[in-house]
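Since the structure comes first, as C-alpha cells, the remarks are kept for the end.
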Amino acid sequence: MKNDIKQTSPKFDNYLKTAKGEDRAYVDMTTLETLWINTGTLCNIECANCYIESSPKNDRLVYMTYEEVKTYLDEIRDEEMGTREIGITGGEPFMNRDIIKIMTECLGRGFNLIVLTNAMRPMMRFTEQLLELNATYKETLTMRISVDHFNPEMHEEERGKKTWEPMLKGLTWLSDNDFTIDIAGRTRWGEDEQDLRVGYQALFQENNIKLDAFDKKILVLFPEMDEGQEVPEITTDCWDILNVQPKDIMCANSRMVVKRKGAEKPAVIACTLLPYEEEFEFEETLKESTKRVYLNHSHCSKFCVLGGGACSVKE
C-alpha cells in the first residue's frame, strides 16, 4: 500500500491528514471474517451509478480463475485465518465461466457463501447447477439480488430499459426453488426507509416471493455513492462523536481479491468499493493485507462510517 503523503490541500488528498490538518481516521484489521472475490468487471448491463463501472465492455478487472481463487482459499486454511464467509461479486459473476467451480469449492470447504447477482440471463443459464448446489449447501449459500427500487421505472432508471422483467423472473425462480435470498436496494431517490420497505414488501407479496422486507438482514438498503457529492472527512475524533467503532467498519474484517487487466497475478485490496484506487491496494497475499487502512476516500465517509454500510451478511 502506498504511504506517501500528498502535498495538496483538498479533501481526501492527504493520506494521514484531513484538509483541515486533523488526524485522519484509520481502521486496523481485527480478523479476516469475509474474503470478497471479484470475478471480473464485465457485466451484461451498464448501470447509471455503478461504483465499479461494470459494463459489457469494461474488463479493467479480468475474470478470476478457479485456480486463482483456490490459492486464496488454501492460504486461509494454511494460515489459520478463521475466515467464515466468502463473497463473490463482479461485474456479473455468472458471466465468469468458472463461477460454478468457484462456488462449489467455497461451499465444499465449509464457508458461508454470498453471491451478488442481477439474477438476469447469465444466472439463469446455470439453473440446473444452482439447484444442485442449493440442495447440498442450502444452509450456507445466499444469493443477493440487486433490486434497486420496488418501482420498475425507477429500477430501470438505474439499470437500463428491459432489465426489470428478467430480474423479476430470476428472483421469482430463486424464491420458488427455496434459495436463501437477500435483496440489495438503493436509497438514491431520498425516500424514507420505512416507505421503501413497505413498497418492497408489496412487491414481494404481489409476486409470491417469500421474503420479509422489514428484516434488515434480508433487504439491505445501501447509501448512494457519488464521488462528486460533498461529504465530510472522518477524523480520529469522529469515532466518539458519531458513536461508531473502527472495528465495525468493513475494512476491519474483510478484504477483496481482484485481478487487473495485464497483471500476472491477482492482488488484495482493502475494500469492495475502491477497486481502482492504488492507495488501497496491498500485495498479492492475504497475510500481507492486514495493514492499517486510512479512510482517505469519500466512500469511506458516505458509505461505511456515515451510512453504516457493509457488504457481508450481517448477523
Side-chain angles (χ1 to χ4, degrees), residues 1-3 12 14-18 22-38 51-52 72-73 75-89 106 111-114 116 142 144 182 184 216-217 220-223 225 231-258 266-315:
M1 180 182 288
K2 298 197 308 185
N3 291 306
F12 305 108
N14 184 309
Y15 194 61
L16 301 179
K17 298 286 185 179
T18 68
E22 299 170 293
D23 291 336
R24 185 174 302 286
Y26 58 83
V27 172
D28 288 324
M29 192 170 194
T30 56
T31 183
L32 183 64
E33 293 182 9
T34 303
L35 175 64
W36 286 92
I37 298 166
N38 187 294
Y51 76 94
I52 205 168
Y72 287 100
L73 302 183
E75 184 182 2
I76 289 173
R77 178 199 62 204
D78 296 343
E79 297 292 337
E80 298 181 349
M81 291 183 165
T83 306
R84 65 176 182 86
E85 179 185 59
I86 304 295
I88 295 180
T89 184
C106 294
F111 292 105
N112 293 328
L113 179 67
I114 178 170
L116 278 56
T142 298
R144 174 172 290 173
D182 67 32
K216 293 187 178 182
K217 292 184 294 185
V220 185
L221 296 171
F222 288 113
M225 295 175 291
V231 295
E233 295 181 283
I234 305 300
T235 71
T236 52
D237 292 334
C238 288
W239 299 123
D240 290 336
I241 295 171
L242 298 171
N243 195 27
V244 176
Q245 297 298 315
K247 66 180 179 62
D248 296 325
I249 303 302
M250 194 161 51
C251 54
N253 52 47
S254 70
R255 292 290 185 263
M256 184 165 78
V257 178
V258 302
V268 183
I269 62 175
C271 179
T272 60
L273 309 177
L274 300 169
Y276 306 126
E277 302 288 339
E278 291 183 21
E279 188 175 282
F280 292 86
E281 181 173 327
F282 304 97
E283 304 299 328
E284 64 186 63
T285 70
L286 298 174
K287 188 175 181 179
E288 294 170 305
S289 76
T290 58
K291 301 173 185 176
R292 176 172 289 179
V293 176
Y294 286 86
L295 305 185
N296 191 28
H297 197 281
S298 59
H299 290 352
C300 304
S301 298
K302 179 70 181 294
F303 185 86
C304 294
V305 179
L306 301 176
C311 293
S312 64
V313 177
K314 295 183 178 180
E315 298 296 337

Query - Interatomic distance, Lys247 atom NZ to Asn253 atom CG [nearest 0.5 angstrom] - result: 10.0 Å
Query raised in the report: For Thr89, what residues pass the side-chain contact (heavy atoms from CB on, under 4.5 Å) criterion, not counting sequence neighbours?
Result: Trp36, Asn38, Tyr51, Leu116, Met256
Report summary line: Looking only at heavy atoms, the pair that brings Ile249 and Val305 closest together is CD1-CG2, 4.0 Å
Report task. Using the test side-chain contact (heavy atoms from CB on, under 4.5 Å), find all partners of Val257 that sit at least two apart in sequence or belong to another chain. Result -> Leu35, Met64, Tyr72, Pro266, Val268, Leu286
**Report entry** From CD1 (Ile114) to CD1 (Ile88), nearest 0.5 Å
**Finding:** 10.5 Å
Query raised in the report: From Tyr276 OH over to Ile269 CD1, what is the distance, rounded to the nearest 0.5 angstrom?
Result: 9.5 Å
Requested in this report: State which residues pass side chain to side chain donor-acceptor pair (under 3.5 Å) with Glu233; sequence neighbours excluded, sorted by chain then number.
Outcome: Arg24
Query raised in the report: For Pro232 and Ser301, which heavy atoms make the closest approach, and how far apart are they?
Result: O-OG, 2.8 Å
Query raised in the report: For Asp28, which residues count as a salt bridge (Lys or Arg N to Asp or Glu O under 4.0 Å) partner, sequence neighbours excluded?
Result: Arg292
Query raised in the report: Under the side-chain contact (heavy atoms from CB on, under 4.5 Å) test, which residues partner Ala267, sequence neighbours left out?
Result: Glu281
Query raised in the report: Taking the side chain from Thr235 and the backbone from Ala25, do they hold a donor-acceptor pair closer than 3.5 Å?
Result: no
Requested in this report: First locate atom CG of Asp78, then atom CG of Leu73, and finally report the distance between them rounded to the nearest 0.5 Å.
Outcome: 10.5 Å
**Report entry** Sidechain-backbone polar pair: Thr83 side chain, Leu32 backbone, donor-acceptor under 3.5 Å
**Finding:** yes
Query raised in the report: Closest heavy-atom contact between Asp182 and Lys217?
Result: CB-O, 3.6 Å
**Report entry** Note, Ile86 side chain near Ile76 side chain (heavy atom, < 4.5 Å)
**Finding:** yes
Report summary line: Separation between CZ (Arg255) and CD (Glu33), nearest 0.5 Å, reads 12.0 Å
Report task. Looking only at non-hydrogen atoms, find the nearest pair between Pro246 and Ala252 and report the distance. Result -> O-CB, 3.5 Å
Query raised in the report: Under 30°, 30 to 60°, or over 60°: which ring-plane class applies to Phe12 and His297, parallel, tilted or perpendicular?
Result: tilted
Report task. Assess whether side-chain contact (heavy atoms from CB on, under 4.5 Å) is satisfied between Leu273 and Cys300, documenting all intermediate values. Result -> CA-CA 9 Å; Leu273 309 177; Cys300 304; over 6 Å; no
Query raised in the report: Does the side-chain contact (heavy atoms from CB on, under 4.5 Å) test come out yes or no for Met250 and Cys271, once each step is laid out?
Result: CA-CA 7 Å; Met250 194 161 51; Cys271 179; 4.0 Å; yes
Query raised in the report: Quick one: does Phe111's side chain get under 4.5 Å of Arg84's, heavy atoms only?
Result: no
**Report entry** Partner set under ring pair (Phe, Tyr, Trp, His ring centres under 6.0 Å) for Tyr26, not counting sequence neighbours
**Finding:** Tyr294
Report task. Looking only at non-hydrogen atoms, find the nearest pair between Phe282 and Val293 and report the distance. Result -> CZ-CG2, 4.0 Å
Query - Any residue meeting side chain to side chain donor-acceptor pair (under 3.5 Å) with Thr285, in chain and number order, not counting sequence neighbours - result: Glu288
**Report entry** Those residues that, when tested against Asp23, pass side chain to side chain donor-acceptor pair (under 3.5 Å) (two or more places apart)
**Finding:** Lys17
Query raised in the report: Do you know the tightest heavy-atom contact between Thr34 and Glu85?
Result: OG1-OE1, 2.7 Å
